[in-house]
Undergrad: 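I'd like to ask you about the structure that follows.
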Amino acid sequence: MAAHPTAPPQLLATLSGHTDRVWCVSWSPDGTTLASCGADKTIRLWTRDTAPNTWTCKVILEDAHERTVRRVAWFPDGTKLAAASFDGTVSVWRRTASTWEVGAVLEGHENEVKCVDVDQAGVFLATCGRDKTVWIWELMDVGSGGGDAMDTDAGADEGLQPLEFECADLKRGHGGDVKSVVWHPCQPFFVSTSYDDSIRVWAHDPARDEWRCAQELADTASGGSAGHKGTVWNAAFEPMPARRDANAECRLATCSDDRGVIVWSATAAPGATADDPPQFHVQQSLADVHERSVLSIDWSRTGVFATGGSDDAICVYREAGLNHPFERVARVEHAHEGDVNCVTFCPAVGEDGSALMATAGDDKMVRLWTI
Amino acid sequence: MAQTRHLDNPSPVLIALPARPPRSGLDSPGSQEGWSSADVFELLRTIVDPEHPHTLEELGVVKEDDIVVTDVSSTRKHSVNVHFTPTVPHCSMATLIGLCIRVRLLREMPSTFKLDVAVAAGTHASEMAINKQLADKERVAAALENPGMMEMVEACLVEPT
């Protein structure tokens with residue numbers, strides 16, 4: 001366990017380059033590259049320089065979207081990136097020998113796409129948007145290669161086949177914009193968070209080969225279940241150790257316009273099959289952790305989780321010990337000169353047990369911190 | 001094709017405007033730092049109603065008393081809170097008016113200011129829904145990228161000649 005439970009995050013670097021609000025930052029699975037995207041419609045890829053704490057934007061991916069790029073997500077092999085845009089499309093970028101190119105454009109949402117996330121196998125994409133829907137896309141096998149030339153420009157330069165995605169399912173149910181979708185780190189289910197103040201758990205039903213809503217986490221005053229009382233902006237699962245028992249406790253943290261965070265915990269219901277997701281219940285509510293909306297949350301492998309909000313602050317939370325509640329152990333005021341739209345932890349943990357965190361702000365900046 | 005459009009409020013009540021000195025802008029002596037509710041009102045009062053050829057001031061939609069400004073450099077607290085009053089409780093233009101107010105503030109005020117724009121309590125049948133939309137930064141950002149929406153907003157933000 002870390003020796004300095006209350007040490008505040010230390011600012012390592014400020015990455016400037018975006019010409020408008022930065023909405024999202026996402027680490028490559030090996031932790032060597034940070035992708036950022038925003039209102040300037042670009043995706044920037046930052047890599048560490050040889051000089052200490054110096055990061056350089058080596059690649060700018062642009063001209064794929066006509067409006068804001070709201071979110072970007074890596075595939076687990078680190079060679080593909082998915083980007084969700086307010087122009088209603090999702091682009092999937094692929095690294096080639098010399099550059100990056102668009103391998104597929106997913107069209108289907110009626111208007112703004114607000115989030116995309118890739119499952120741990122790199123096969124399924126979940127997307128969501130203002131049209132209140134959640135889509136599940138499946139990457140079709142592209143291993144055969146060399147077949148008939150496809151009638152498309154994508155991949156022409158490198159002689160690559162375009163990536164082929166099929167819509168595996170389209171789910172309605174939310175009563176408002178769906179703000180984010182987040183896959184479980186190793187099981188075949190994901191959650192969606194919404195403007196309707198609720199969170200839904202979506203699981204694969206292999207018998208019918210479709211996706212179903214397995215649970216709705218909402219604030220039902222009459223039912224005694226306490227949920228969020230405002231738009232749920234984001235969610236993060238607790239990272240799972242590699243050989244964790246599938247029946248072990250699974251935890252999820254969510255953040256909201258209600259300025260609070262809820263930690264949900266779940267265990268497999270008795271008699272549940274391996275395909276059934278666990279049932280979540282409130283483990284702990286942390287009220288008023290920010291002074292305005294809590295826009296983003298992420299959970300580190302070091303055990304802490306962090307939030308960013310429209311009060312320009314970032315907060316860090318930690319359990320005092322096993323079976324102790326989470327406490328807010330640090331708060332950085334003015335972490336950005338504007339709303340903090342995204343916080344995300346690098347999957348690679350430092351040799352000293354420290355976590356590396358990236359944040360994205362309305363001030364057009366990306367910042368890196370150690371905790 | 002000619003169409004008859006039904007106005008939500010066909011005959012709005014106009015407020016007699018006080019006699020005003022010519023606009024001195026915001027750089028009058030003593031105000032180079034520190035925004036007041038009067039400064040913010042000056043920015044908003046000339047916005048034109050989407051439905052009527054009158055300003056939000058004339059219609060009583062924005063009032064200086066319903067603007068709260070916090071501007072404290074030492075604590076870095078900078079915020080503007082505007083409550084506006086639709087002319088009728090079922091006004092379908094309320095969200096658009098709120099968006100116009102927000103756009104004017106976004107363009108004219110330093111980006112360090114937190115902006116809250118909402119309909120005044122009890123003045124609209126869909127108060128909660130409208131205020132939730134106006135407070136959602138993602139929806140506002142998307143609206144500002146929508147050419148059709150921005151055309152309507154710009155029409156309201158034309159400076160009167």
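Just so we're on the same page: letters track the sequence lines, and every chain starts at 1. The basis for the numbers below is simple: all heavy atoms, side chains too, and nothing from hydrogens, waters or symmetry mates.
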Undergrad: What I want to check is whether the side chains of A:T127 and A:W137 have a donor and an acceptor closer together than 3.5 Å.
TA: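 A:W137 and A:T127 do have a side-chain donor-acceptor pair below 3.5 Å.
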
Undergrad: So A:T133 and A:R172, side chain to side chain donor-acceptor pair (under 3.5 Å) or not? Walk me through it.
TA: CA-CA 5 Å; A:T133 63; A:R172 298 178 199 279; 5.7 Å; no

Undergrad: With respect to chain B, which residue among A:E66, A:E337, A:H334 yields the maximal number of heavy-atom pairs within a distance under 4.5 Å?
TA: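 Highest number of heavy-atom pairs under 4.5 Å: A:H334.
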
Undergrad: Between A:L295, A:D339, A:D363, who has the most heavy-atom pairs with chain B when the cutoff is under 4.5 Å?
TA: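 So the answer, after comparing A:L295, A:D339, A:D363, is A:D339.
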
Undergrad: Tell me whether A:R292 is salt-bridged to B:D116, with the criterion being a basic N under 4.0 Å from an acidic carboxylate O.
TA: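 Result for this pair is yes, salt bridge flagged.
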
Undergrad: What pair of heavy atoms forms the shortest contact from B:H124 to B:V88, and how long is it?
TA: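 Smallest interatomic distance, heavy atoms only, reads CD2-O, 4.2 Å.
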
Undergrad: Is A:D87 in contact with chain B via its backbone, its side chain, both, or neither, using a 4.5 Å heavy-atom distance?
TA: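 A:D87 has no heavy atom closer than 4.5 Å to chain B.
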
Undergrad: Is there a donor-acceptor pair closer than 3.5 Å between any side-chain N or O of A:D131 and the backbone N or O of A:H109?
TA: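 Such a contact is absent between A:D131 side chain and A:H109 backbone.
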
Undergrad: Can you pull out the residues in residues 131-143 of chain B with any heavy atom less than 4.5 Å from chain A?
TA: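 If one takes a 4.5 Å heavy-atom cut-off, the residues of residues 131-143 of chain B near chain A are B:K132, B:Q133, B:D136, B:K137, B:E138, B:R139, B:A141, B:A142.
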
Undergrad: Using only non-hydrogen atoms and a strict under-4.5 angstrom cutoff, which residues of residues 16-24 of chain A touch chain B?
TA: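 The stretch touches chain B at A:R21, A:W23.
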
Undergrad: Considering all heavy atoms of both residues, which atom of A:V69 and which atom of A:A83 are nearest to each other, and what is their separation?
TA: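 Of all heavy-atom pairs spanning A:V69 and A:A83, the closest is CG1-CB, 3.9 Å.
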
Undergrad: Would you please name every residue forming a ring pair (Phe, Tyr, Trp, His ring centres under 6.0 Å) with B:H78, sequence neighbours left out?
TA: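 By the ring pair (Phe, Tyr, Trp, His ring centres under 6.0 Å) rule, B:H78 matches B:F113.
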
Undergrad: Which bit of A:N341 comes within less than 4.5 Å of chain B, counting heavy atoms only: side chain, backbone, both or neither?
TA: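 The side chain, not the backbone.
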
Undergrad: Please find the pair of heavy atoms, one from A:T193 and one from A:S180, that lie closest to each other, and give the distance.
TA: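 Distance-wise, the nearest heavy atoms are OG1-OG, 2.8 Å.
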
Undergrad: Between A:E112, A:K114, A:R70, which residue shows the highest count of heavy-atom pairs closer than 4.5 Å to chain B?
TA: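 So the answer, after comparing A:E112, A:K114, A:R70, is A:K114.
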
Undergrad: Can you check whether A:S293's main-chain N or O pairs, donor with acceptor, with A:S310's side chain at less than 3.5 Å?
TA: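 A pair under 3.5 Å: yes.
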
Undergrad: Using the rule given for side-chain contact (heavy atoms from CB on, under 4.5 Å), can you reason through A:S198 versus A:H174, listing the C-alpha separation, both sets of side-chain angles and the distance that settles it, and then say yes or no?
TA: CA-CA 8 Å; A:S198 80; A:H174 276 299; 3.4 Å; yes

Undergrad: Listed by chain and number, what are the side chain to side chain donor-acceptor pair (under 3.5 Å) partners of B:E154, not counting sequence neighbours?
TA: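 With sequence neighbours excluded, B:E154 shows a side chain to side chain donor-acceptor pair (under 3.5 Å) to B:R107, given in chain and number order.
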
Undergrad: Quick check on side chain to side chain contact (heavy atoms under 4.5 Å, CB included): which of A:V181, A:L106, A:I136, A:D117 does A:L125 satisfy it with?
TA: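 Output: one option passes, namely A:L106.
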
Undergrad: If we define contacts as heavy-atom pairs under 4.5 Å, which of A:D177, A:D312, A:D257, A:D311 has the most with chain B?
TA: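 Highest number of pairs under 4.5 Å: A:D177.
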
